[in-house]
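Beneath this line is the structure, given in structure tokens, with notes to follow.
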Amino acid sequence: MLHTFTTQKWNEHFPDSTQEQAINNLEDGQILYFPQLTFSLSPEEQFFLSPDYADPHAKNISYNIKDHKLWGVQHLSDSQHNQLKAMLDRYSRYAHGLIQNLLPRYAQQMMIGRTSFRPVQISNRKTSYRKDDKRLHVDAFPSAPNQGKRILRVFCNINPNGEDRVWRVGEPFEKVANHFLHQIGKPFPCSAALLRMLRITKSYRTLYDHYMLQMHNRMKADEHYQKNCAQQELRLPPGSTWIVQTDHVSHAAMSGQHLLEQTFYLPVKAMKDETKSPLRVLEKILRQKLA
Ligand SMILES: O=C(O)CCC(=O)C(=O)O
Ligand SMILES: [Fe+2]
């Protein structure tokens, strides 16, 4: 499940054979794991580890490197606001550099998404079941359909107290799909156009997005599945980094505090083997084009 690297620098160069291995492993649904790849904070930045600066109404603190906007925060002075932005900007650039060096094939075509900072302990967080990432799921976003693009995420545990990020990892995507897909009906006619018109979705919700979102919701709602499907616990210690395609790898985050995360979106045509993408797997099962 984990493919481990000894990398200690965010700008490390990797030989061709390592790049090849990394892309194969990632596309097979493995997690690329860097137990010694740390993101260091300056003494002033350590201040931001307090959960008091996270807006309790937002799921995470978020940053967009394209327009330098930061949101999901509270109680920050202007200069602290800029300092936190600079910290997330640095993480975003480091994560991007790592992908450019390790997965150059992806780097040419991927789009950079949000950077997030999660300073709140997740084990006792209360939310609706759909938003509850303590339940196994594959990622699909209700308001941000991605029309088949892959979701690639770089996570880094920056907990200062030695606390692991504890995940569960579930069964392979094809198994998940075969388990849930037959329960899911077609969308109502014109619903995608309506959602777009009402600006509930930021882009058109394709059939792919419909099936992925329904799978995400049904996995989370199914208590029996959550307890009994094949799964493994994963403990990710502070000072470690990991890369996962979270649309493909069934995952749940059980406990931990202080995580950084950078999202990238990747067109399936950038993959080495696009038959392994959720889009192509669902299309094969449903025998229909979905995006
Ligand atoms: O916060 C985490 O550890 C992971 C949560 C999750 O499900 C995700 O980021 O996709
Ligand atoms: Fe997730």
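Each ligand, and each atom within it, is numbered from 1 in the order the structure gives. No hydrogens, no waters, no symmetry mates; every other heavy atom, side chains included, goes into these values.
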* Do any protein N, O or S atoms sit under 2.8 Å from the Fe ion (ligand 2), and which ones are they? -> His137 NE2, Asp139 OD1, His251 NE2
* Is Arg93 salt-bridged to Asp89, cutoff N-O under 4.0 Å? -> yes
* Asked: Under a 4.0 Å N-O cut-off, is there an ion pair linking Lys126 with Asp132?
  -> no
* Asked: Does an N or O anywhere in His137 fall below 3.5 Å from an N or O of ligand 1?
  -> yes
* **Gap between atom OH of Tyr129 and atom CE of Met219 - 0.5 Å precision** => 13.0 Å
* Asked: Atom CE of Met215 and atom NE2 of His210: how far apart are they, to the nearest 0.5 Å?
  -> 11.5 Å
* Would you mind reporting whether Tyr208 and Asn146 have side-chain heavy atoms less than 4.5 Å apart? => yes
* **Nearest option to atom 9 (O) of ligand 1, as decided by whichever heavy atom of His251, Arg118, Glu261 sits closest** => Arg118
* Looking only at non-hydrogen atoms, which of Leu259, Asn157, Asp133 approaches atom 6 (C) of ligand 1 most closely? -> Asp133
* is_close_aromatic(Trp242, Phe155), centroid dist under 6.0 Å -> yes
* To do: Please say which of Leu2, Asn25, Ile23, Val244 ends up in a side-chain contact (heavy atoms from CB on, under 4.5 Å) with Leu32.
  => Asn25
* Between Leu70, Leu260, Leu259, Asn60, which is the residue that forms a side-chain contact (heavy atoms from CB on, under 4.5 Å) with Phe117? -> Leu260
* For atom 8 (C) of ligand 1, find the nearest protein heavy atom and state the residue, atom name and distance (0.1 Å precision). => Arg153 NH1, 3.2 Å
* To do: Check each atom of ligand 1 against the heavy atoms of Phe155 and keep those under 4.0 Å away; list them by number with element.
  => 9 (O)
* Which atoms of ligand 1 have any heavy atom of Asp139 under 4.0 Å away? -> 10 (O)
* **Min heavy-atom dist Arg165 to ligand 1 below 4.0 Å** => yes
* Asked: Which pairs count as side chain to side chain donor-acceptor pair (under 3.5 Å) when at least one residue sits in residues 259-277, sequence neighbours excluded?
  -> Glu20-Lys272, Asn24-Lys272, Asp28-Lys276, Ser92-Gln262, Thr115-Gln262, Ser116-Glu261, Arg118-Glu261, Arg153-Glu261, Arg153-Thr263, Glu261-Thr263, Asp273-Thr275, Glu274-Arg280
